[in-house]
Structure formats: structure tokens, C-alpha cells
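In this text, all values refer to a predicted model and were calculated from it rather than measured experimentally. Residue numbers begin at 1 in each chain, while the letters A, B, ... track the order of the sequences.
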There are 2 protein chains.
Amino acid sequence: METATKSGKAITSILPARHPVTVWLVEDNHIFRHTMARVLGGVEGVECSQHFSNAEDALDALLGGAVPDVVLLDVELPGKSGIEAVSQIKAISPATRVVMLTVFDDHEKIFRSICAGASGYLLKTSPVERIVESVHEALAGGAPMTPRVAKSVLDMFARLSRPKHDYGVTRQEQKVLELMAQGLIKKEIADRLALSYHTVDTHLRNIYAKLHVNTRAGAVAKAFQERLF
Amino acid sequence: METATKSGKAITSILPARHPVTVWLVEDNHIFRHTMARVLGGVEGVECSQHFSNAEDALDALLGGAVPDVVLLDVELPGKSGIEAVSQIKAISPATRVVMLTVFDDHEKIFRSICAGASGYLLKTSPVERIVESVHEALAGGAPMTPRVAKSVLDMFARLSRPKHDYGVTRQEQKVLELMAQGLIKKEIADRLALSYHTVDTHLRNIYAKLHVNTRAGAVAKAFQERLF
DNA sequence: CTAGGCATCCCGTGTTTGCGTGATACCCAA
DNA sequence: TTGGGTATCACGCAAACACGGGATGCCTAG
């Protein structure tokens, strides 16, 4: 992805924009679906070629060989959920950008959608123009999100980096821990750190005491769980 | 994209907006700093009360008791880096929103900033209006990001969800792996699973072969890295 | 100046491991 | 029916381990 350093315009310019952007809409609510479809169809350069009331139909169409540029996908769908659908859509057509549409912005759904490969996450309460804009944004390599969703994503991230329960593990002990996690035996660790076997042994004992374990495996497990390195 | 700028009223209405929003600017480039400060000062409802050329001075001011609503913080700073600064700012004043400003949008910096507690991440090449807007967006609980940064964040997330490299580890072997990660020795694992010591030993050998390791510590490390349970 | 944390080093002992080399039994697909 | 994958069990031994004792030097905070 070295095109990354360039601007959005550079990215779109490498795509064949001869044809209008093809957008699919998967949404079980008839009114919303037809409204959105009409709006999208009316936008210059955008073609809402197909719309579906469930994920299964959309996937069938995809397997039939059709390849949309962007899919606007409802999260709450009868039958196969939108979240299941994302990963399958991406599996079939990796280049297709999927933007989730939903009424709820709960953390769990956002998280799972993103892990499944969604490129964006908007609320249905977003202004229609925002949704239209998101099509272009997704295609340009961006990630259309509502501010609240963006915040959720950031929060989830921040939560991944723990309060860092130090356990009072020192620098040297950390190194030992790291090499231990690579499967090295005491002797090898000693060589790597230019230490005596006995020193490594002592560090190991101290680590065990601090982490409340008494085996190498336990120490490594704890180190991973507490992200000690 | 004018949502946040114009809807600023709606957002501030839920906050006690008696005083204008106080913004601090931490940026070593004099020209950029003074320009931004002037622009911010000219915005209705915003007060750029202080600006600093390094993180240390800003932290001193913060420790002195001043509490800004938003800090616009350069990532590349002489002395203490912006990333180090974020976590310290958040530690001193958790309510303060920190928006990172940078010329580079590399993954590593974004990731670390966010983990440190940043609420947003903009490029200095962003239009000035976007930066001003970000102040309100951050304060309203949003997460101002450039589309590309947003994409980076999503990509990092997606990467967290395993490619699921099975390694062909069987159910039984997984159980052994799990108990091993708890620091149990073979005999204990055997008891837990109601197996013979020798059976556990065999499972262990097979695990080692499949994961290409030859110590318990290595196996546990690999299991964690590959999210085998 | 003295206590405490850290890092370094050493010995000995009993326990646990890793691995070579077996075996039996089940199931399922070729 | 022959084979491959999984699960089970077994013996023996050298190597690695955990942990009981020590020890010295360095630096920092009380």
C-alpha cells in the first residue's frame, strides 16, 4: 500500500472511473431501501444497480459474477446477519467496500463488523447526503464513520492497551521473559544476554515470584495476558 | 461534512458553555503555532488561551492547575514526544481531549497515540477549518480523524482478528495447551483430563511438532500469538 | 550511612521435561 | 483392505528445570 502516501484524488485516479460507481443496497426495510435507492440513483456518477432485502440474495448475485464497488449493508437483517455477510462479501470480492448501516451503534456490533472487514459504519439517522458521501469516501480508501462510532473504535483500541500492571518486572527480567517466550532455554538466554547461567536462573526466580507462577509456561502465559512486552 | 461546524450549537448546548472552549496548542514550529493560535483565537466560542513549543512546558502549566478543554498536540516534538505527552496529559486531566496533529500518518504513531489516549488524529495538511471543527468534534465526544487515518485504524483492528492459522491442532491438544498455559505440569494435566501421564506427553510432542517448537514456553507463546484459544 | 532494590554470580538436589522408540485401538476414506 | 489421522498408553535416559541455600557490587532514597 505505498499509494497510501498520496492523496485521495491520486487513489481514485488509478481506478477506472469510466463507468459510474456501482452501489448495492442490502436493507430489509422496504421504505428505507427504496428511498435510498432512488436517492443514490439520482446522484451523478453513482449507479445503484441492485438492491436486496436480505444478505442471501446479495451473496447469490455476487456469486453470479456481479461485482459492486460499494455495498451499503444493514447490520440487522432477517436470516444471515449483516456481520456474517461482510466477511463473505469480502471473501468473494475483496475489492468491494462494505459500509455498514444500522440504527444502533453498540460497541459489540461495531467491533465485529470491523473485524469482519467492513470499511465504514454509519447510522441510519445520518443525513442522506452523508451516506452518499460515504460511498465516495469508502472508495477513496477512507473509512466513513459517525463521530460517535469513531470514538467507540478509539475507545476499544485504548482499552486494548491495559493499565499496565507492571508487576514490578525490571528491564532485565523483561528481556529474559521475552527470550523465554521465544522458547530459548536458560543457557541460550544467558548467551544472548551475555550473562551467566546462574544470573538468568536468578532472574527467572524473581519473575516467578513477581508473577505468582512457578513454571516457564505459566510465566509466558501471564506475560502475554498482561502484555508485559 | 459541515455537520460538526454548524451543529456546534446543539453540541455546546448540553455543556455548560458559560465560558468559551479553552484550547491549548503544543507545536514546535513557530509559524504554524502562531498561525493556528490566531485562527483559533478568532473563532467564536473558542479561546486559545495558551500555546507551547514543547510538551514539557504544557505539562508544567497543566500541573500548575490550568485545565484546557482541548489540546492540539504535535506528534513530533523536541524533547518529550507528543505520544508520551498524551498519556501524561490524560493522567493529569482525564477530561481534557487531546487531538494529535502531525505531518505523517504512519500506522505506528497512530496506534500508539490512540493507545495513549488521544481522541483524534489529524494531519497538518488538513484545512484549517477542519482543525477548528475538530475541537468541537472532540469535545462533543467524537473522534476527529482524516479519512485515511480512520482507515488505518480500521485496518489495524481487522488485523487483530485472527487469520486463524489452525496448525492442525486437535481438540484434545488444545485442552492440553490451555492447561499448560496455566502452568500445570504433565502429571497435573493428566489428572485434569483423566488421562495417563504418557498420553499427555504424546499430545505435547504432537503440539510441539505442529507449532514447530520444542519447549512448553515456546508452545504457549505461539498459542497466544496465533490465538489458538 | 544504611537499608533496599537491582543485577550479577555460584553450588547442590531432587523433579520435570524432551525425545527416541515402541504399542493398541478406533474411525474413515481410498 | 490398506492406510492415515486421532487418541490412548508405556519405558528409559540425558538434559533442563525449580528451588533451597548462599555471595558480591552498585546505586538511590531515607
Side-chain angles (χ1 to χ4, degrees), chain A residues 163-229, chain B residues 56 63 80 84 88 91 162 164-229:
Chain A
K164 200 90 157 185
H165 215 267
D166 260 291
Y167 278 93
V169 177
T170 67
R171 203 75 48 193
Q172 200 72 192
E173 286 163 356
Q174 243 180 71
K175 285 187 202 164
V176 173
L177 212 39
E178 206 166 331
L179 294 175
M180 193 165 44
Q182 286 165 34
L184 303 195
I185 65 175
K186 286 186 198 171
K187 173 80 181 71
E188 292 169 331
I189 296 174
D191 289 348
R192 288 281 189 100
L193 300 179
L195 293 174
S196 140
Y197 168 90
H198 304 288
T199 305
V200 173
D201 180 84
T202 304
H203 285 320
L204 237 20
R205 298 180 197 217
N206 293 332
I207 290 171
Y208 292 170
K210 287 173 181 175
L211 302 189
H212 310 296
V213 298
N214 53 6
T215 65
R216 326 161 71 42
V220 170
K222 203 110 182 180
F224 269 93
Q225 280 161 358
E226 313 287 348
R227 304 226 177 350
L228 257 31
F229 51 72
Chain B
E56 288 82 353
L63 287 170
K80 195 189 294 284
E84 288 173 79
Q88 291 176 37
R162 75 202 61 186
K164 195 91 167 191
H165 211 267
D166 256 293
Y167 277 95
V169 176
T170 66
R171 216 74 47 200
Q172 199 73 191
E173 287 163 355
Q174 244 179 67
K175 286 187 201 165
V176 173
L177 213 37
E178 209 165 328
L179 294 174
M180 191 163 47
Q182 287 165 34
L184 303 194
I185 64 174
K186 286 186 200 170
K187 172 84 181 65
E188 292 170 332
I189 296 174
D191 289 349
R192 288 282 189 100
L193 299 179
L195 292 174
S196 139
Y197 167 91
H198 304 288
T199 305
V200 173
D201 180 85
T202 304
H203 285 320
L204 237 21
R205 298 178 195 219
N206 293 332
I207 291 171
Y208 292 169
K210 287 173 181 174
L211 302 188
H212 309 296
V213 297
N214 52 4
T215 65
R216 333 164 64 44
V220 170
K222 202 113 184 180
F224 269 94
Q225 280 162 356
E226 312 288 350
R227 291 178 184 61
L228 257 32
F229 50 73

ask   = Is there side-chain contact between N206(B) and T170(B), with heavy atoms separated by less than 4.5 Å?
value = no

request  = Show your working on side-chain contact (heavy atoms from CB on, under 4.5 Å) between R192(A) and E178(A) and close with a plain yes or no.
outcome  = CA-CA 11 Å; R192(A) 288 281 189 100; E178(A) 206 166 331; over 6 Å; no

request  = Specify whether F224(A) and F224(B) have parallel, tilted or perpendicular ring planes, treating 30° as the upper limit for parallel and 60° as the lower limit for perpendicular.
outcome  = parallel

request  = Could you tell me from which nucleotide to which nucleotide of DNA chain C, 5' to 3', there is an atom under 4.0 Å from chain A heavy atoms?
outcome  = dC6(C) to dC11(C)

request  = Output yes when a side-chain donor or acceptor of K210(B) lies under 3.5 Å from a complementary backbone atom of G168(B), and no otherwise.
outcome  = yes

query = Is a side-chain N or O of K186(B) found less than 3.5 angstrom from the main chain of D201(B), in a donor-acceptor match?
reply = no

task = Send over the distance from K187(B) NZ to dC17(D) C1', rounded to a whole Å.
result = 19 Å

inquiry  = Assess the residue pair Q172(B) and H203(B) against the criterion (side-chain contact (heavy atoms from CB on, under 4.5 Å)); give the C-alpha distance rounded to whole Å, side-chain angles, the decisive distance to 0.1 Å, and a yes or no.
reply    = CA-CA 8 Å; Q172(B) 199 73 191; H203(B) 285 320; 3.4 Å; yes

inquiry  = Once you apply a heavy-atom cut-off of 4.0 Å, does T199(B) come out as touching a base, just sugar-phosphate, or nothing?
reply    = base

note = So, with a heavy-atom separation below 4.0 Å from DNA chain D, the residues of residues 201-217 of chain A are D201(A), R205(A), Y208(A), N214(A), T215(A), R216(A)

key: Student check: side-chain heavy atoms of M180(A) and I189(A) closer than 4.5 Å   = yes

Residue whose closest nucleotide on DNA chain D lies nearer the 5' end, K186(A) versus A194(B) = A194(B)

inquiry  = For I185(B) and G168(A), find the nucleotide of DNA chain C closest to each by heavy atoms; which residue's nucleotide sits nearer the 5' end?
reply    = G168(A)

ask   = Is L228(B) close to K222(B) at the side-chain level, that is, under 4.5 Å between some pair of heavy atoms?
value = no

